[in-house]
S.K.: 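Below is one structure. I have some questions about it.
Numbers for residues simply follow the sequence, beginning at 1.
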Amino acid sequence: MDSCVIPLRHGGLSLVQTTDFFYPLVEDPYMMGRIACANVLSDLYAMGITECDNMLMLLSVSQKMTEEEREKIMPLIIKGFRDAAEDGGTSVTGGQTVLNPWIIVGGVATVVCQPNEFIMPDSAVPGDVLVLTKPLGTQVAVNAHQWLDNPERWNKIKLVVSKEDVELAYQEAMFSMAMLNRTAASLMHTFNAHAATDITGFGILGHAQNLAKQQRSEVSFVIHNLPIIAKMAAISKACGNRSRLLQGTSPETSGGLLICLPREQAARFCAEIKSPKYGEGHQAWIIGIVEKGNQTARIIDKPRIIEVTPRGASASPQDNNSSASPEVAS
């Protein structure tokens, strides 16, 4: 799944390690670094691990960049990565830098821990519910922002979205991607999570399918609700659903955790993660159920779309509803 778990020869400890990288998708180099670090750490957080002992940074510098561009951009990427690592209570002690046709940013995260410090992603049971801790639609938001300077693309979506909507969605996507899933990882222990994974390149459905295949019980996941950054579903429809956002296979970068929780704990988890004591921006939604099945995952034909209002925009009563019930979704 998200990380390797290697039992060590001495002391009953395990080494948990992950590596991840991505091609930059935002314009701000500092945020690029923060998102890359959050993306790496999410693999640990998906196992309920909140402390990382060490990080390495993987960085490729584009051969197409001028010397001036390298001197300005790469230090900002490195600073963003290091700052995010510090926010996660760890530090970057080394890494590898190479020349490459493209910029690539990623890293390696390692921790040595006791068995009770991590949650293996294999114990979902019928009756659990599925909780998601970040909104979907980051790839669509980034694409739409790029289309502001592309008249042909912009003409396809301008009837369903304003330029202000796109700017707000882009800022929300950056904030969401850069936010650590550390709080959610901690609350997985508090509320007895049975399994989890993080949502990245395979989209919500792809990662739900991967997680379902790992379960020891005969279960299947059914997704009823899709929390999506406001207006991104409309953009996806206007483009003929080419992004496949509503089908659940649109890529996400540094997305939220998809967590299997006991039904009686899920609403409390969603309420707790929004508590001011954890800082601004944390959200969670009940998006589906775990039922008896054959290790599959699906989205119902007409899922409920939860429009997640970007920060700085006015919210409607239906927006950001963290207690969405899967039973009442159409």
S.K.: Return yes when atom CD of Glu67 has more than 12 non-hydrogen atoms of other residues, nucleotides or ligands closer than 6.0 Å, and no otherwise.
M.R.: no
S.K.: Using every non-hydrogen atom in the two residues, find where Pro115 and Gly12 come nearest and quote the distance to one decimal.
M.R.: CD-O, 3.5 Å
S.K.: Going by side chain to side chain donor-acceptor pair (under 3.5 Å), name the residues that satisfy it together with Ser186, two or more places apart in sequence or in a different chain.
M.R.: none
S.K.: Answer yes when Glu86 and Lys79 have at least one side-chain N-carboxylate O distance shorter than 4.0 Å, and no when they do not.
M.R.: no
S.K.: Is the number of heavy atoms from other residues, nucleotides or ligands within 6.0 Å of CD (Glu264) greater than 12?
M.R.: yes
S.K.: Go through the structure and list residues passing side chain to side chain donor-acceptor pair (under 3.5 Å) with Thr253, not counting sequence neighbours.
M.R.: none
S.K.: Do Ile286 and Phe269 come within less than 4.5 Å of each other through their side chains, counting heavy atoms only?
M.R.: no
S.K.: Mind checking whether Met188 and Leu257 have side chains closer than 4.5 Å, heavy atoms only?
M.R.: yes
S.K.: We want to know whether Ser123 and Arg216 form a side-chain donor-acceptor pair, criterion being a heavy-atom distance below 3.5 angstrom.
M.R.: yes
S.K.: Can you tell me if Arg242 has over 12 outside heavy atoms packed within less than 6.0 Å of its CZ?
M.R.: no
S.K.: For a 4.5 angstrom cut-off between non-hydrogen side-chain atoms, does Ile305 reach Leu246?
M.R.: yes
S.K.: Which other residues end up in the same hydrophobic cluster as Val108, if Ile, Leu, Val, Met, Phe, Trp and Tyr are linked when side-chain heavy atoms come under 4.5 Å apart?
M.R.: Leu56, Leu58
S.K.: Is the closest side-chain heavy-atom distance between Met31 and Gln171 below 4.5 Å?
M.R.: no
S.K.: Can you tell me how far apart CG (Asp2) and CD (Gln214) are? Round to the nearest 0.5 Å.
M.R.: 9.5 Å
